[in-house]
J.: 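Would you mind keeping the following structure in view while I ask a few things?
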There are 2 protein chains.
Amino acid sequence: MVTIYDIAQKANVSAMTVSKVINNTGRISEQTRKRVKKVMEDLNYIPNSNARSLVLQQTQILSLLITDITNPFYTSLARGAEDSAKKLGYRLLFGNSDEDYIKEQDYVDMILSTRVDGVLFAPAGDGSLKNLEKLRAHNIPFVILDRAVPGIESDIVSGDSRQGARNLVDYLVSLGHRRIALVNGSLDVSTARLRYEGYAEALQLQGIALDEDLVIHKSYREYKDEDQLARLLDLPAPPTAIFAANNFLAVGVIGALRKRGIRVPEDMSVVCFDDLDLSSALDPFLTVAAQPSYQFGAMGIQLLVERIQGSAVPEARKVVLPSELIIRSSAKTIGE
Amino acid sequence: MVTIYDIAQKANVSAMTVSKVINNTGRISEQTRKRVKKVMEDLNYIPNSNARSLVLQQTQILSLLITDITNPFYTSLARGAEDSAKKLGYRLLFGNSDEDYIKEQDYVDMILSTRVDGVLFAPAGDGSLKNLEKLRAHNIPFVILDRAVPGIESDIVSGDSRQGARNLVDYLVSLGHRRIALVNGSLDVSTARLRYEGYAEALQLQGIALDEDLVIHKSYREYKDEDQLARLLDLPAPPTAIFAANNFLAVGVIGALRKRGIRVPEDMSVVCFDDLDLSSALDPFLTVAAQPSYQFGAMGIQLLVERIQGSAVPEARKVVLPSELIIRSSAKTIGE
DNA sequence: TTGAAAGCGCTAACAT
DNA sequence: ATGTTAGCGCTTTCAA
């Protein structure tokens, strides 16, 4: 491998001079600089960033940990993070926890040993607490994405789950629905709790009694489980509308409904949190509370880098990105 | 930061002994091992992988470079790569070139300076040649994904674009179509060339003259450009079916068709290469030649690690993953 | 303007 | 079974 010493020798200077040329530090005569640069090109020299990191005590690497790479919400978020990181001169080390605390922990260990400069962390849920505490114990700056974790104070970029849920339920009520089911994520996850709260609040404000029989808590990823849904539909007074707490659950719900011959929206209205990606453009069908996922990533990196570089950054900044109600055709006026 | 020296001191041993405990090398008495381990835990010690990489001359990092993180094909591929890398003890450094040679080059430089052990490289197109040559010049093992690049001999995992295209066209012909348009990617990309060839071959075998007026070459990502499509539809004898060379182009085509009030499949049949993701489960609509994208990634990592670790690996292994024709409802018998 | 020396955290090779 | 030495490629400090 070509090192600065190879360059130094060929250019008849010291390694130190080469280093200065590379980093544009110190005073170097124009002549020397040119000569060194020439040799670097001739020899195809590429600095070894491991050696650099070792002495500098910083890597210029940021880590992004998400929970589900197949979900367009996170894909788009990743894109925002990547663009932003690139712009700011950082590399992105990428991890996918699959909503699994163990996998998440493995990634935390990897992150720690890589000595990344900071972490953009989308927690799997409340159980992420000890993983985040570990990062903190090692003084790695991090910004939390999407889901708050009780017990951790930090910068966080999140959506407004409560408000988004209320908008969705309000909308359904405005269509005449009163038996509205909630197919929720696990209560172990802050956004699921907030969506549940928003759902409950909206109902209360509309003077509709909350019926716990109409509420299912599963996981954001268990969109294929149809048993619980069956129970919902076999109720003496089944719902006329379903609010799915995320996009995947909505897809699962609709799939299961169709299997039973229940048409959406004719026989059942369905709305959800989070949009689907481009392919839904084929059939702009789902009525959703869409979140600005790209912004989650871009903004997250920005906060993170500010915290890494900035001296006087306020503690625990909370950025809340609003969701947008996009009315399409998966919900309709009741009884029409 | 806690180093092996801190551990060594607390445990009353030398740094070397600590190193041996960490790596399970050399002979260490059970007693010493226990004591050292205890101290490591007490001090929350995490090895510095940069220092390790520097002396070992290997990083245990693999790089994955894809061209479009928003495309489910690559997302799924990334997931396969990630799972596989994790299983084999490698970290994954992730890059997205956006089908852009310049961005791709930036990533190559980053990869080089990180001294990754190997690269899984999905090229943007033929112009990736010099980027791949650069990797080769620096002796970084790589495996190419999806698109062959003329001038580069290497391990490669690709689909069977020619055969997939033929299947799709044959299917359309079997439905009675004879004026079949091709909305293709750029001829700068091997898969686009092969899909074009497959298209042409299928037509010829069916005794249908190829009409270049029915062929459009754009880019795999330009799914929103409607001008060229308009030209196609305004032809004296417009097509009755369209073969889109990838999923995004199909979405664009269908969107544009609908804007003009042309229904799919009633007025126009549409098929494409590559499936959409889960969200298409909502409306299993598109008839596609689906590729096993997860396998692309998983298999790619496997070949890559074999090449990195293995001594006697044959040169330039070519793995071809077949596509599967999935017939849904975006194409129908002509005139029915 | 340039360079020598020391050290970042770790491990291979070689003692003891 | 354990320790000493040297060095991976780079930069900081200080001296020339």
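What you see is a predicted model; the values in this text were computed from it and never measured. First the proteins, then the strands, lettered A, B, ... as listed; each starts at 1.
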J.: Distance check: side-chain N/O of A/Ser53 vs OP1/OP2 of C/dC8, anything under 4.0 Å?
T.: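 No, no such contact exists.
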
J.: Mind calculating the distance between CD1 (B/Ile7) and P (C/dG9) to the nearest angstrom?
T.: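 It is 12 Å, rounded to the nearest whole Å.
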
J.: Counting side-chain heavy atoms from CB outward, which of D/dG3, D/dT2, D/dG9 is closest to B/Ser14?
T.: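 Nearest to the side-chain atoms of B/Ser14, counting from C-beta on, is D/dG3.
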
J.: Counting only side-chain nitrogens and oxygens, does A/Ser19 get under 4.0 Å of the OP1 or OP2 atom of D/dT11?
T.: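 Yes.
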
J.: Check whether the side chain of A/Tyr5 and the base of D/dC8 form a donor-acceptor pair under 3.5 Å.
T.: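 Side chain to base: no pair present.
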
J.: If I take atom CD in residue A/Gln9 and atom P in nucleotide D/dG9, what distance separates them, rounded to the nearest angstrom?
T.: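 Between P of D/dG9 and CD of A/Gln9: 14 Å.
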
J.: Write down the distance between CE (A/Met16) and P (D/dA16), rounded to a whole number of angstrom.
T.: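 Between P of D/dA16 and CE of A/Met16: 17 Å.
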
J.: Output the rounded distance in Å from CZ (A/Arg35) to P (C/dT1).
T.: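 In whole Å, C/dT1 P and A/Arg35 CZ are 14 Å from each other.
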
J.: Taking CD1 from B/Ile28 and P from C/dT11, how many angstroms apart are they, rounded to a whole number?
T.: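 The answer, rounded to whole Å, is 12 Å.
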
J.: Between A/Arg115 (CZ) and C/dG9 (P), how many Å, whole number?
T.: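 In whole Å, C/dG9 P lies 9 Å from A/Arg115 CZ.
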
J.: Under 4.0 Å between a side-chain nitrogen and a carboxylate oxygen: does that hold for B/Glu99 and B/Arg147?
T.: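 Answer for the salt bridge query: yes.
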
J.: Would you say D/dG3 has OP1 or OP2 under 4.0 Å from some side-chain N or O of B/Thr17?
T.: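 Answer yes for this pair, as a side-chain N or O of B/Thr17 is under 4.0 Å from OP1 or OP2.
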
J.: Taking NZ, NE, NH1 and NH2 as the nitrogens, is one of them in A/Glu30 or A/Arg33 under 4.0 Å from a carboxylate oxygen of the other?
T.: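 Yes, A/Glu30 and A/Arg33 are salt-bridged.
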
J.: For A/Leu56 and D/dG9, give me the distance from atom CG to atom P, rounded to whole Å.
T.: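 My rounded result for the distance is 17 Å.
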
J.: Going by distance alone, is a donor N or O of one side chain under 3.5 Å from an acceptor N or O of the other, for B/Ser293 and B/Ser76?
T.: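 Yes, because at least one side-chain N or O of B/Ser293 sits under 3.5 Å from a partner of the opposite role on B/Ser76.
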
J.: Judged by each residue's nearest nucleotide on DNA chain D, which is more toward the 5′ side, B/Leu54 or B/Val13?
T.: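 With B/Val13 and B/Leu54 compared, the 5'-side residue is B/Val13.
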
J.: For a quick check under 3.5 Å, do B/Arg136 and B/Asn131 share a side-chain donor-acceptor pair by atom type?
T.: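 Distance-only check fails for B/Arg136 and B/Asn131.
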
J.: Answer with base, sugar-phosphate or nothing: what part of the nucleic acid does B/Ile22 contact at a heavy-atom distance below 4.0 Å?
T.: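 Here B/Ile22 touches no strand at all.
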
J.: With a 6.0 Å cut-off on ring centres, are B/Tyr74 and B/Phe296 close enough?
T.: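 So the answer is no for these two rings.
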
J.: With sugar-phosphate meaning primed atoms plus P, OP1 and OP2, does B/Ile4 contact a base, only sugar-phosphate, or nothing at under 4.0 Å between heavy atoms?
T.: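 Base: the residue B/Ile4, judged by heavy atoms under 4.0 Å, touches a nucleobase.
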
J.: When all nucleic acid strands are considered with a 4.0 Å heavy-atom cut-off, which category describes B/Arg52: base, sugar-phosphate, or nothing?
T.: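 Sugar-phosphate, backbone atoms only, no base.
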
J.: Between B/Asn50 and B/Thr25, which is nearer to the 5' end of DNA chain C once each is assigned its nearest nucleotide?
T.: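 Counting from the 5' end, the first nearest nucleotide belongs to B/Asn50.
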
J.: Reckon B/Gln57 has a side-chain N or O less than 4.0 Å from the OP1 or OP2 of C/dT11?
T.: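 False: B/Gln57 side-chain N/O out of range (4.0 Å or more) of C/dT11 OP1/OP2.
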
J.: Identify whether any heavy atom of A/Thr32 sits under 4.0 Å from a base atom; if not, whether one sits that close to sugar-phosphate; answer base, sugar-phosphate or nothing.
T.: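 Sugar-phosphate: the residue A/Thr32, judged by heavy atoms under 4.0 Å, touches backbone atoms but no base.
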
J.: Report yes if at least one side-chain N or O of A/Thr3 is closer than 4.0 Å to OP1 or OP2 of D/dC8; otherwise report no.
T.: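 No, no such contact exists.
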
J.: Does the pair B/Asp42/B/Lys38 count as a salt bridge with the N-to-O cut at 4.0 Å?
T.: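 Yes, charged N to carboxylate O under 4.0 Å.
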
J.: D/dC10 P sits how many Å from A/Lys20 NZ, rounded?
T.: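 Going from A/Lys20 (NZ) to D/dC10 (P), I get 16 Å.
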
J.: It should be established whether B/Asn23 places a side-chain nitrogen or oxygen under 4.0 Å from OP1 or OP2 of nucleotide C/dT11.
T.: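 Yes, within the criterion.
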
